[in-house]
Amino acid sequence: MTEKTCCKPGKTKIRTEEELKKLTSRLNRIEGQIRGIKNMLQNDAYCPDILIQVSAVNAALNSFNKELLASHLRTCVINDIKNGNEEVIDELVCTLQKLMK
């Protein structure tokens, strides 16, 4: 597969089949956790039990974000800097600020 630059106007990224599979798998697990929480709520589960599951979902989402951010740094950011597009740093800073809210 030839390397394609991401983060061009239009903001798209070509992901490898492995990366797509890995990220999709994580999201499918998170989706299942959310459905489980919904079922707990509908079945009158005890509040602390639900809160613990919500905390697990938050941790899973943070893990997903870390994986996606690492991939972005290794591909999009590095490629843009190598190609002389240092504006990607400002975009990265903005993204990190949003993630840290």
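Model, not experiment: these values are computed from the prediction.
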Name each donor-acceptor pair under 3.5 Å that joins a side chain in residues 64-71 to protein atoms two or more places apart or in another chain, with its distance.
residue, atom, partner, partner atom, Å
E67, OE2, K22, NZ, 3.3
S71, OG, K13, NZ, 3.1
S71, OG, E19, OE2, 2.5

So if you build clusters from Ile, Leu, Val, Met, Phe, Trp, Tyr with side-chain heavy-atom gaps below 4.5 Å, do L23 and L27 land together? yes
Give a yes or no on whether V88 and I78 share a hydrophobic cluster (residues Ile, Leu, Val, Met, Phe, Trp, Tyr; joining criterion: side-chain heavy atoms under 4.5 Å apart). no
Could you state the interatomic distance from CD (E31) to CD1 (I34), rounded to the nearest 0.5 Å? 9.0 Å
Would you find a donor on one side and an acceptor on the other, under 3.5 Å apart, between the side chain of N85 and the backbone of I81? no
Does Q42 have more than 12 heavy atoms from other residues, nucleotides or ligands lying within 6.0 Å of its CD? yes
For residues 48-62, which side-chain donor-acceptor pairs fall under 3.5 Å, sequence neighbours excluded?
residue, atom, partner, partner atom, Å
N62, ND2, N58, O, 3.4

Side-chain donor-acceptor pairs under 3.5 Å in residues 92-101, sequence neighbours left out?
residue, atom, partner, partner atom, Å
T95, OG1, E91, O, 2.9

Nearest-0.5 Å distance, CZ of residue R15 to OG1 of residue T12: 9.0 Å
